[in-house]
> 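Supplied in structure tokens, the structure appears directly below.
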Amino acid sequence: MRLRSLAYMALLGILLLAGCSDKHSDRPNILLILTDDLGNNDIASWGDGSAPTPSLDALSRQSVRFRRHYTDSTCSPSRAALLTGRHPLSIGFQADGLGLSSDLETLPGSLQALGYRTAHVGKWHVGEALEYPEIQPSRHGFDYWFGMLNHFVLRGPGANGEVVRRQPTHVDPWLQDNGAPPRQYQGYLDDLLTDKAIELMEAAEDRPWFINLWLYSPHTPYQPSPEFARQFPDTSEGRYLAVLKQLDHNVQRLLQALEERGLAGNTIVVFASDNGGPNIARDNNFPLLGQKGTYTEGGVRSPLWLRWPHRYEDADVVAPSHITDLYPTLLNLAGGSAPQGIMGRNLKPLLEGESLPEPKGFYWVADGGRFGMTYGGHLLDQQSFFYRDVFGGFQNGQVTAAIGNSQASVEASSQPSQAQASEMIRVQERQLRKPPFTWQPATGGQAALLTGRDFQRAPVFGGFSMGLALSEPPAGQVQTLVDQAGIWRLELLADGRLRVVHGAVEQISEPLPAARSTCNSLVVSVHVKPASTFPFPGPASSRLALYWNGHTLLDSDHVLLRPASGQVLANPTYIGSDVSNEHPFQGEVLSRPVIINKFLVPEQEGYALPDLVTELCPGEE
């Protein structure tokens with residue numbers, strides 16, 4: 001009897017374990033391969049046929065191919081958009097960003113919640129504050145990471161261990177293992193990254209895994225290993241073709257590893273690029289015109305395909321897709337649901353041969369420094385595009401049909417002028433440049449607070465403007481308008497001037513002009529650019545402007561620095577008081593502050609200072 005009971009308990013244990021295993025067995029593994037600067041013509045079956053990519057062509061034939069796929073035009077914003085499913089401008093990437101705020105939900109974080117082991121392998125480039133641990137993959141949903149925070153650190157740190165940005169390399173790179181200090185590895189970068197991804201497949205055990213493999217090929221410099229270099233002429237194009245052949249070989253190694261381990265049947269493989277190619281060694285983007293760094297089609301369209309054997313195979317999707325769609329799509333295929341309010345759409349209906357309402361268009365904006373913004377739009381419902389480059393040049397034209405679609409594209413119904421395009425961008429900026437902070441109004445003697453989106457809430461990187469709607473302020477005493485401990489403070493002095501304290505820098509404005517009795521707008525606008533050694537060497541620069549009812553009180557170019565620690569960015573922003581509530585504002589803050597991630601001046605393209613002034617005090621002249 002005892003033996004029978006023991007046997008029963010053993011059988012029950014096996015069934016329970018099987019049940020636990022089954023809980024995850026219906027969740028597919030996910031291998032997301034993101035290449036760097038790979039254009040449409042860098043895949044033979046997508047371009048003119050000259051690329052040496054037999055393995056990628058075979059994988060493409062086995063997959064659902066998204067033939068009208070959009071990205072951003074450079075690395076950082078595309079990667080931030082992929083991880084969050086949000087427009088990069090809305091999360092502070094314009095084009096570079098300080099980093100992702102900790103309260104942003106991400107694809108790996110959502111997969112973690114479903115029981116996935118999550119790993120990032122390769123280039124990160126999602127944040128410029130390399131000294132802040134808060135930007136690392138482990139803070140954004142990855143259990144483990146191996147690679148480099150960006151490609152400019154591949155040659156290793158300086159003599160004292162400091163971060164030095166230099167010309168990248170594919171040979172003997174310096175890499176980090178799960179946040180440990182970087183060390184040098186012998187070999188070729190993408191070979192090492194592929195080795196690590198295969199190793200992680202073996203270590204996943206009984207849980208589904210998500211491996212986010214962000215390769216560096218075929219990004220400059222073009223340095224194929226000797227094995228592949230000898231197969232092509234020693235020319236710029238020959239070296240590039242060798243890089244493509246080596247990339248193709250590494251993808252084949254990954255697919256073979258899945259087969260050998262019996263994982264291929266339940267592994268979703270996604271292959272994509274962060275943006276179009278640069279057209280340096282050859283035309284990377286044929287038949288699309290333009291290149292990386294522009295908002296022409298060659299910059300923002302690239303290959304995308306997805307394979308899940310026996311479910312999603314060998315089909316073409318000609319409806320438009322966007323890199324933000326990967327988050328909700330992959331999460332849905334894993335059995336989860338993406339957060340509300342993101343830009344990305346779940347493409348599962350398209351994978352299953354059904355339809356989705358098509359987006360009317362996609363828009364891009366980046367800060368162009370002293371030249372103003374660079375921006376673009378692809379108006380899919382009008383079959384047209386526009387692009388304003390960094391030097392102020394403007395072009396428009398007709399969009400290209402889906403890749404491989406024999407049907408000619410519909411003639412553009414209209415091609416917007418620059419004035420029309422600027423107005424479209426103004427509307428987009430009004431929507432996208434306002435981070436959704438948490439606002440707690442002043443009540444019961446407690447100061448008003450702004451919290452959330454920590455990496456966008458302080459004037460420490462790129463453009464930042466805060467607008468306050470104020471009643472007529474009383475004079476004769478020091479009053480605090482804004483205070484974020486460890487970063488900056490704005491005060492109204494007893495003599496009617498404004499004092500801005502940013503780090504160790506203190507600046508004082510002209511006295512306030514006469515106030516209105518109803519509503520007064522106060523705008524603080526800041527742009528902070530850190531010093532750079534590569535790829536665009538230059539000193540640090542800043543600009544700080546204060547505006548009262550649209551009138552300039554201060555316009556300074558005193559250099560401002562970001563804080564040494566990223567932890568202080570989480571400190572709440574007090575409005576109408578300081579942290580200690582010793583010098584509160586004696587007037588009234590009439591409404592929730594408005595923050596725009598852009599440096600504002602009276603006359604500029606898109607959203608400008610008059611737009612914010614009007615928002616703060618509508619109806620006032």
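Note that the structure is a prediction, hence the values are computed from the model and not measured. All residue numbers refer to positions in the sequence shown, counting from 1.
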> Between Asp314 and Arg61, is there a salt bridge with N-O shorter than 4.0 Å?
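Salt bridge: no.
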
> Give a yes-or-no answer on whether the side chains of Asn284 and Asn40 include a donor-acceptor pair shorter than 3.5 Å.
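No - no donor-acceptor pair under 3.5 Å links their side chains.
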
> Show the numbers, then the answer: is there a side chain to side chain contact (heavy atoms under 4.5 Å, CB included) between Gln246 and Asp191?
CA-CA 9 Å; Gln246 191 163 357; Asp191 294 351; 3.3 Å; yes

> Do Trp46 and Trp305 have ring centroids that are under 6.0 Å from one another?
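Yes, close enough.
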
> So do Leu330 and Leu306 actually touch side chain to side chain, heavy atoms under 4.5 Å?
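The answer is yes, as the side chains (C-beta and beyond) meet within the 4.5 Å cut-off.
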
> Test side chain to side chain contact (heavy atoms under 4.5 Å, CB included) on Phe93 and Leu98; report intermediate values, then the result.
CA-CA 8 Å; Phe93 283 77; Leu98 185 67; over 6 Å; no

> May I ask you to test the Phe271-Ser60 pair for a side-chain heavy-atom distance under 4.5 Å?
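A side-chain contact is absent here, since even the closest heavy-atom pair is not under 4.5 Å.
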
> Per the side chain to side chain donor-acceptor pair (under 3.5 Å) rule, which among Asp37, Thr71, Asp72, Thr74 passes with Asn275?
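Only match with Asn275 under side chain to side chain donor-acceptor pair (under 3.5 Å): Asp37.
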
> Working note: Thr53 + Asp248, criterion side-chain hydrogen bond (donor to acceptor under 3.5 Å, both in side chains); need CA distance, chi angles, decisive distance, verdict.
CA-CA 5 Å; Thr53 54; Asp248 187 80; 4.8 Å; no

> Start with the C-alpha gap between Leu189 and Met148, add the side-chain angles, then the distance that decides, and say whether side chain to side chain contact (heavy atoms under 4.5 Å, CB included) holds.
CA-CA 10 Å; Leu189 176 56; Met148 62 285 196; 3.7 Å; yes

> Name the one of Trp209, Phe142, Tyr116, Tyr327 that satisfies side-chain contact (heavy atoms from CB on, under 4.5 Å) with Leu111?
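Testing each of Trp209, Phe142, Tyr116, Tyr327 against Leu111, the sole residue satisfying side-chain contact (heavy atoms from CB on, under 4.5 Å) is Tyr116.
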
> Between atom CD of Gln167 and atom NE2 of His151, what is the distance when rounded to the nearest 0.5 Å?
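Separation between the atoms: 9.0 Å.
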
> Checking ring-ring contact (aromatic ring centres under 6.0 Å, His included) for the pair His322/His69: CA distance, chi angles, key distance, verdict?
CA-CA 6 Å; His322 193 272; His69 178 64; 7.3 Å; no

> For Leu356, check side chain to side chain contact (heavy atoms under 4.5 Å, CB included) against everything at least two apart and list the hits.
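Side chain to side chain contact (heavy atoms under 4.5 Å, CB included) check on Leu356 returns Arg345, Leu347, Pro349, Leu350.
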
> Do the ring planes of Trp124 and His120 sit parallel (below 30°), tilted (30 to 60°) or perpendicular (above 60°)?
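Trp124 and His120: perpendicular rings.
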
> Enumerate the residue pairs fulfilling side-chain hydrogen bond (donor to acceptor under 3.5 Å, both in side chains) with a member in residues 81-109, sequence neighbours excluded, ordered by first and then second residue.
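Pairs touching residues 81-109 that pass the test: Gln94-Arg433.
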
> Check the pair Gln428, Tyr375 against side-chain hydrogen bond (donor to acceptor under 3.5 Å, both in side chains), reporting the backbone distance first and the verdict last.
CA-CA 11 Å; Gln428 292 296 315; Tyr375 59 78; over 6 Å; no

> Of all residues at least two apart in sequence or in a different chain, which pass the salt bridge (charged side-chain N to carboxylate O under 4.0 Å, His left out) check with Arg67?
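In terms of salt bridge (charged side-chain N to carboxylate O under 4.0 Å, His left out), with neighbours along the sequence ignored, Arg67 is linked to Asp316.
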
> How about Phe385 and Tyr363: are their ring centroids closer than 6.0 Å?
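No - the distance between ring centres of Phe385 and Tyr363 does not fall below the 6.0 Å cut-off.
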
> Any chance you could measure Leu244, atom CG, to Ile43, atom CD1, to the nearest 0.5 Å?
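Reported to 0.5 Å precision, the distance equals 7.5 Å.
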
> Answer yes when Arg307 and Glu313 have at least one side-chain N-carboxylate O distance shorter than 4.0 Å, and no when they do not.
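Between Glu313 and Arg307 there is no salt bridge, as every charged N stays at least 4.0 Å from the carboxylate O atoms.
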
> So Tyr70 and Phe362, would you call those rings parallel, tilted or perpendicular, with 30° and 60° as cut-offs?
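Answer is tilted, since the angle falls between 30° and 60°.
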
> Can you find a pair of side-chain heavy atoms, one from Arg282 and one from Tyr240, that are under 4.5 Å apart?
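Counting from C-beta outward, Arg282 and Tyr240 do come under 4.5 Å.
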
> Where do Ser384 and Gln398 land on the side-chain hydrogen bond (donor to acceptor under 3.5 Å, both in side chains) test, with the steps shown first?
CA-CA 4 Å; Ser384 65; Gln398 184 172 321; over 6 Å; no

> Would you indicate whether the side-chain heavy atoms of Asp381 and Glu358 approach each other to under 4.5 Å?
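No. Closest side-chain heavy atoms not under 4.5 Å.
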
> Is the NZ or CZ atom of Arg230 positioned over Phe228's six-membered ring, under 6.0 angstrom from the centre and within 45° of the axis?
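The answer is no; the distance or angle limit is not met.
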
> More than 12 non-hydrogen atoms from neighbouring residues, nucleotides or ligands closer than 6.0 Å to CG on Leu380, yes or no?
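Count over threshold, so yes.
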
> Look at Asp172 together with Arg155 and state whether they make a salt bridge at an N to O cut-off of under 4.0 Å.
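Result for this pair is no, no salt bridge flagged.
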
